[in-house]
Amino acid sequence: MLWRFGLQHASNIDKVLDKDDLELEELLGDMDLMQEVREQNPKVISYLVQPPNMKQMVDYIATEDYFKYTKLATTAAEILCSNCLAFADALVADYVPRDLIDSDDESSDCDDRSAAAPAPDPAPPPAGDAAQPLPRAPPRQRLLDQLWGVMRLDAGHVDAQQAALFSRVLCCLLQRKPYQALDFIHAEAGAVERFVEHLALSPIVDLLLKIISLEELDRGPGVTAWLRERGLVRMLVDRLAPD
């Protein structure tokens with residue numbers, strides 16, 4: 001390592017992280033960030049894997065207003081696909097809504113809000129039943145649900161670069177956490193239909209091929225059987241059929 005010989009690059013990242021009013025956007029714009037991520041600087045990783053910061057990075061990639069955040073989204077994808085497994089662990093982890101809210105943000109509420117309307121939490125009981133406490137939203141893979149919001153966008157509303165970043169993050173996650181990622185996709189209603197809807201985007205095709213390749217995993221997740229049961233071949237034939 002260069003630091004042993006006093007030749008290391010003088011990074012300003014620690015000073016940035018020591019700011020009381022640090023915003024994630026400022027850190028993502030720091031020229032030294034990716035080098036520190038690649039070297040797995042513990043202070044940098046610890047800050048980035050905080051659930052609110054993970055949520056914000058996924059937001060940059062999955063938002064319907066992606067064109068406003070292209071540079072931030074690209075940096076976020078680079079981080080999530082880096083060689084640090086902490087990001088993969090955080091992406092597949094279960095959270096309740098409060099986990100993803102910055103404790104310093106007094107104006108935020110605890111609603112689970114993502115760019116493309118993920119599945120809602122169970123509704124509270126009727127207001128007249130005052131004796132019953134409101135149920136807490138169950139923990140679930142909220143970051144994956146938020147990221148999958150890209151697939152919920154209508155065909156033609158997904159930017160090609162956005163699709164590429166989304167596919168890259170999911171492919172990396174399928175490589176590092178295949179069973180957790182596949183379980184999420186299998187449970188997602190209309191997942192196969194969404195793939196077919198977005199087949200005009202080559203990164204989505206690449207993602208589908210990556211999923212199919214996982215059939216060779218030791219535990220045999222039954223990917224091809226799942227795709228067959230969901231009618232993938234029939235849907236592809238229907239798209240090829242003349243009107």
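Just so you know, these numbers come straight off a predicted model, no measurement behind them. All values below come from the heavy atoms of this structure, side chains included, with hydrogens, waters and symmetry mates left out.
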Give a yes or no on whether the backbone of Asn83 and the side-chain of Arg38 come within a donor-acceptor separation of less than 3.5 Å.
-> no

Could you give all pairs that pass the ring-ring contact (aromatic ring centres under 6.0 Å, His included) test and reach residues 67-89, with sequence neighbours left out?
-> Tyr60-Tyr69

Got a sec, which residues hit ring pair (Phe, Tyr, Trp, His ring centres under 6.0 Å) with Tyr66, two or more places apart in sequence or on another chain?
-> none

Is it true that a side-chain atom of His198 and a backbone atom of Met151 form a donor plus acceptor pair closer than 3.5 Å?
-> yes

Lys43 and Asp18: CA distance, side-chain angles, deciding distance, salt bridge (Lys or Arg N to Asp or Glu O under 4.0 Å) verdict = CA-CA 10 Å; Lys43 194 171 182 180; Asp18 286 338; 2.6 Å; yes

Hey, is Arg168 close enough to Glu78 for a salt bridge, meaning N to O under 4.0 Å?
-> yes

Heavy-atom donor-acceptor pair, Gln141 side chain to Val92 backbone, under 3.5 Å | yes

Verify the neighbour count for atom CD of Glu23: are there more than 12 heavy atoms of other residues, nucleotides or ligands below 6.0 Å?
-> no

Taking salt bridge (charged side-chain N to carboxylate O under 4.0 Å, His left out) as the test, write out the residues that go with Glu25, two or more places apart.
-> none

May I ask you to decide if Gly190's main-chain N or O and Arg230's side chain share a donor-acceptor pair within less than 3.5 Å?
-> no

Please step through side-chain contact (heavy atoms from CB on, under 4.5 Å) for the pair Leu207 and Phe195, ending with a clear verdict.
-> CA-CA 9 Å; Leu207 176 58; Phe195 275 110; 3.9 Å; yes

Salt-bridge criterion met for Glu26 and Lys19 (N-O under 4.0 Å) = yes

Show your reasoning for whether side-chain contact (heavy atoms from CB on, under 4.5 Å) applies to Gln50 and Lys55.
-> CA-CA 9 Å; Gln50 293 176 21; Lys55 179 183 183 299; over 6 Å; no

Main-chain N/O of Tyr47 paired with Asn53 side-chain donor or acceptor, under 3.5 Å | yes

